There are 2 protein chains.
Amino acid sequence: MRPTVHDIAAAAGVSLATVDRVLNQRPGVRHVTREKVETAIRDLGYIRDVAAANLAKGRTYPLVFILPASDNSFMHGLNAEIRQAVLRSPAERTDIRIIEVPAFDPAALVSVLEGLSREKPCGIAMVATDAPEVRAVVDRLVRERFPIVTLVSDLTGSLRHHYAGVDNIAAGRTAARLLGRFLGPRKGEIAVLAGSMLVRDHRERLEGFAAVMAEEFPDLAILPVLEGRDDPEVAHRLVADALGNAGIVGIYSLGAGNRGLIRALKEKAADRTLTVVAHELTAHTRAALIDNTIDAILNQDAGHEVRSAIRILKAKADGLAVIAAQERIRLDIFLKDNLP
Amino acid sequence: MRPTVHDIAAAAGVSLATVDRVLNQRPGVRHVTREKVETAIRDLGYIRDVAAANLAKGRTYPLVFILPASDNSFMHGLNAEIRQAVLRSPAERTDIRIIEVPAFDPAALVSVLEGLSREKPCGIAMVATDAPEVRAVVDRLVRERFPIVTLVSDLTGSLRHHYAGVDNIAAGRTAARLLGRFLGPRKGEIAVLAGSMLVRDHRERLEGFAAVMAEEFPDLAILPVLEGRDDPEVAHRLVADALGNAGIVGIYSLGAGNRGLIRALKEKAADRTLTVVAHELTAHTRAALIDNTIDAILNQDAGHEVRSAIRILKAKADGLAVIAAQERIRLDIFLKDNLP
DNA sequence: CTGTTAGCGCGTTCAC
DNA sequence: GTGAACGCGCTAACAG
């Protein structure tokens, strides 16, 4: 049987209450007493039973998820995954609230975050907009001991505890190698469709993509980036225009709004053999992969990201460790053969 | 506050003990009383607090993992992941035992399984050897209410509750498409290195591989399979011999023993541009991917498989549901750019 | 500063 | 058949 609070109380010659105070770092214990208890804990190899503690406390974990109010399949999917987590709340003792903020709007994000410091959630998960003001509030909240994880898009250089998302530079590099290898000896131009160069994850994907292209596929030239604002209509127009260029042999779509891309491809390039790599598996991209309009899809598993964020925030709230390998968000590569 | 046993006892006008008898399907309750309690449970939307129940019972989950005693990196890794899980046992209330059996030996596996029915573990995870005798014992154990999941290699047609592993047909198909697309317009022959055609996962990979090759890459011909018995020495010899054939343009290694493959490639094909796809990310395959000896690695995450098996066995033991998406074992595709 | 005591939600003796 | 009472490991009043 593993040791309990009773055992260490007996070993240290104190009462349960004192042991509890030491365990929970509460004040009101003399230095000597505290040390006695701490040695007893170490000697007996005591491990606290978190489940029992939570039962006694009636503890729940109030968590907040902050998402951009973007109207694209990926964000809808992310939202749905969080709502799934809400359904599991009773079993997981979580109490999850979703807050939507205007996309690409640092000021809005900042004001939401500031409001949060009053209502004391025990953890915050946020899709970060990469701006100095945001970094500043996040750092302040972390100093005030709020656990914060960034979701999908990171806030580099901030004090956030963790980033639950894929390595976007690696994603861009991978896209470049797939495109380059699939094209083989063909020479030509590559169009890149992004959402906005103001978002960190898109910038990083482009950076990785351009690096590998330059290093390893000098026969392929990258055209100026098309910014589709993650909007299917805008994307459609931009891609349809670009396809007027007969030298294009491949396309890398590193953001959302792929619905527009796919429509443009079917209208303007049905007779051409373009090689296309896109991000995010949705109903649209899946269908396009199956009918050979798209050649490969890079994906991040939104469900995994949400579950991971929750596990990490809970662990942080309890001061516990996580299984690092379990929290690594993989870059999924889908060809038409390994679709889920 | 969600309802507790007290609430439903009050609602049904009975005592706690009676509620408990109903909840745990124990005898000694009149039909009418049972019904009263059951309606109260449904009306109040009662959900049992598993953590509290486990606390009261002092419950632990005795689990058994049965593995082949194979001396290759993948099995070593799988073993290590289980030992990691053993370290987490106190927190997860598990009590895990690893049993090694001779590889490819149905009789040994059967006798271990039969021994298990005496010691009553609350769940069994096993790397299955695909044989009728094994299927028979597994089915018997399942009927005796032992939760059983297959790990890495499945036992199709048996009553096992779940398979924690990748879809090997999809893996083979994916390998074929990668090889075919990477080779582009090149024509030639493809060598296939397997462990043994007696193991189900290897057969399935080959099946998927051959199917896509035939359908979509008619210019590439598959040579007769080389059976390396997952042994680096044997693999080395076979591949070195095969490379005498100048028509070979690609290699698919669908089993273990890649150390030998890699050595043969460096010795005999340093000057040739072969395209190589292999399975399982290990120290050796990782290095070979980085130095361009291998072009892509297909991988299954052993840590995920082990954690998933544990979650599923625990859930089955408690009669609870799992998050299906979380338990799907992905086929990881690694290029040199997205290595973990 | 420290100890006593009464729960948290559930399972399990025992009597009745 | 049914119920009262106690304990699981831990926390939180409230005394002292």
Side-chain angles (χ1 to χ4, degrees), chain A residues 1-38 40-41 44-61 89-93 95 122 314 317-320, chain B residues 1-38 40-41 44-61 89-93 95 122 314 317-320:
Chain A
M1 231 25 206
R2 60 188 238 215
T4 74
V5 274
H6 289 92
D7 300 323
I8 82 159
V14 297
S15 77
L16 290 178
T18 304
V19 174
D20 186 66
R21 288 186 190 103
V22 174
L23 282 174
N24 295 295
Q25 345 233 33
R26 267 184 299 241
V29 186
R30 258 190 315 173
H31 228 71
V32 261
T33 322
R34 184 176 295 275
E35 304 244 297
K36 268 197 302 188
V37 175
E38 274 164 355
I41 290 178
L44 300 191
Y46 169 79
I47 318 168
R48 174 217 223 91
D49 183 330
V50 190
N54 283 347
L55 172 60
K57 277 200 280 223
R59 193 204 208 311
T60 60
Y61 299 82
S89 277
E92 299 179 349
R93 309 190 90 94
D95 176 14
C122 84
K314 288 175 73 173
D318 292 333
L320 295 177
Chain B
M1 233 23 207
R2 62 188 236 216
T4 74
V5 274
H6 288 91
D7 302 320
I8 81 159
V14 297
S15 79
L16 292 176
T18 303
V19 173
D20 186 69
R21 289 187 191 102
V22 175
L23 280 174
N24 295 296
Q25 345 234 32
R26 265 184 301 240
V29 187
R30 261 188 314 175
H31 230 70
V32 261
T33 322
R34 184 177 294 275
E35 304 243 299
K36 269 197 301 188
V37 175
E38 274 164 354
I41 290 178
L44 300 191
Y46 169 79
I47 318 168
R48 175 216 222 91
D49 184 329
V50 190
N54 284 346
L55 173 60
K57 277 201 282 226
R59 195 213 209 303
T60 59
Y61 300 81
S89 276
E92 300 178 348
R93 308 189 89 94
D95 176 15
C122 83
K314 288 175 74 173
D318 292 334
L320 296 176

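Computed from a prediction, not measured in an experiment: that's the story for all the values here. Just the heavy atoms: all of them, side chains too, but no hydrogens, waters or symmetry mates, feed the values below. Residue numbers begin at 1 in each chain, while the letters A, B, ... track the order of the sequences.
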Participant: In chain order, what residues pass the side chain to side chain donor-acceptor pair (under 3.5 Å) check against B:R48, with sequence neighbours excluded?
Facilitator: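 B:N24.
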Participant: When you measure from every atom of DNA chain C, which of residues 14-26 of chain A have a heavy atom less than 4.0 Å away?
Facilitator: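 The stretch gives A:V14, A:S15, A:A17, A:T18, A:R21 as the residues lying under 4.0 Å from the strand, ordered by number.
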Participant: What I'd like to find out is whether the side chain of B:V14 reaches to under 4.5 Å of the side chain of B:V22, using heavy atoms alone.
Facilitator: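 A side-chain contact is absent here, since even the closest heavy-atom pair is not under 4.5 Å.
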Participant: At what distance, to the nearest 0.5 angstrom, does CD1 of B:I47 lie from CD1 of B:I41?
Facilitator: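 Rounded to the nearest 0.5 Å, the CD1-CD1 separation comes to 12.0 Å.
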Participant: Return the value, rounded to whole Å, for the distance between atom CZ of A:R48 and atom C1' of D:dC8.
Facilitator: 17 Å
Participant: Taking atom P of D:dT11 as reference, at what distance in whole Å does atom CD1 of A:I8 sit?
Facilitator: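 The distance from CD1 of A:I8 to P of D:dT11 comes to 10 Å, rounded to the nearest Å.
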Participant: Restricting to salt bridge (charged side-chain N to carboxylate O under 4.0 Å, His left out), what partner residues turn up for B:D95, sequence neighbours left out?
Facilitator: none
Participant: Quick check: closest heavy atoms across A:Y61 and A:E92, and the distance to 0.1 Å?
Facilitator: CD1-O, 4.2 Å
Participant: Got a sec, which residues hit side chain to side chain donor-acceptor pair (under 3.5 Å) with B:T60, two or more places apart in sequence or on another chain?
Facilitator: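 In terms of side chain to side chain donor-acceptor pair (under 3.5 Å), with neighbours along the sequence ignored, B:T60 is linked to no residue.
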Participant: With B:S15, which residues qualify under side chain to side chain donor-acceptor pair (under 3.5 Å), at least two apart?
Facilitator: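 Side chain to side chain donor-acceptor pair (under 3.5 Å) list for B:S15, sorted by chain: empty.
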Participant: Given pairs defined as Watson-Crick or G-U wobble with both distances under 3.5 Å, what dot-bracket annotation applies to DNA chain D, with ( ) intrastrand, [ ] crossing, | other strand and . unpaired?
Facilitator: ||||||||||||||||
Participant: Please list, one pair per line, the donor and acceptor atoms closer than 3.5 Å that link side chains of residues 26-38 of chain A to other protein atoms, with sequence neighbours excluded.
Facilitator:
from	atom 1	to	atom 2	distance (Å)
A:R26	NH2	A:D20	OD2	2.2
A:R34	NH2	A:R26	O	3.1

Participant: Report the residues that fulfil side-chain contact (heavy atoms from CB on, under 4.5 Å) with A:T4, sequence neighbours left out, ordered by chain and then residue number.
Facilitator: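 With sequence neighbours excluded, A:T4 shows a side-chain contact (heavy atoms from CB on, under 4.5 Å) to A:H6, A:D7, given in chain and number order.
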Participant: Distance-only, no hydrogens or angles: does the A:R59 side chain make a donor-acceptor pair with backbone N or O of A:A53 under 3.5 Å?
Facilitator: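 Side chain of A:R59 to backbone of A:A53, a donor-acceptor pair under 3.5 Å: no, none is there.
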Participant: May I ask you to list the residues of residues 49-58 of chain A, by number, that have any heavy atom positioned under 4.0 Å from an atom of DNA chain D?
Facilitator: A:D49, A:A52, A:A53, A:A56, A:K57
Participant: Taking only residues two or more places apart in sequence or in another chain, which ones pass side-chain contact (heavy atoms from CB on, under 4.5 Å) with B:A56?
Facilitator: none
Participant: Mapping B:T33 and A:P3 to their closest nucleotides on DNA chain D, which lands nearer the 5' end?
Facilitator: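 Its nucleotide being nearer the 5' end, the pick is B:T33.
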Participant: What are the 5'-most and 3'-most nucleotides of DNA chain C lying under 4.0 Å from any heavy atom of chain B?
Facilitator: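 It runs C:dG9 to C:dT12.
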Participant: State which residues pass side chain to side chain donor-acceptor pair (under 3.5 Å) with A:Y46; sequence neighbours excluded, sorted by chain then number.
Facilitator: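 A:Y46: no side chain to side chain donor-acceptor pair (under 3.5 Å) contacts found.
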Participant: If you compare all heavy atoms of B:A40 against all heavy atoms of B:A11, which two are closest, and at what distance to 0.1 Å?
Facilitator: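 It is CB-CB, 4.2 Å.
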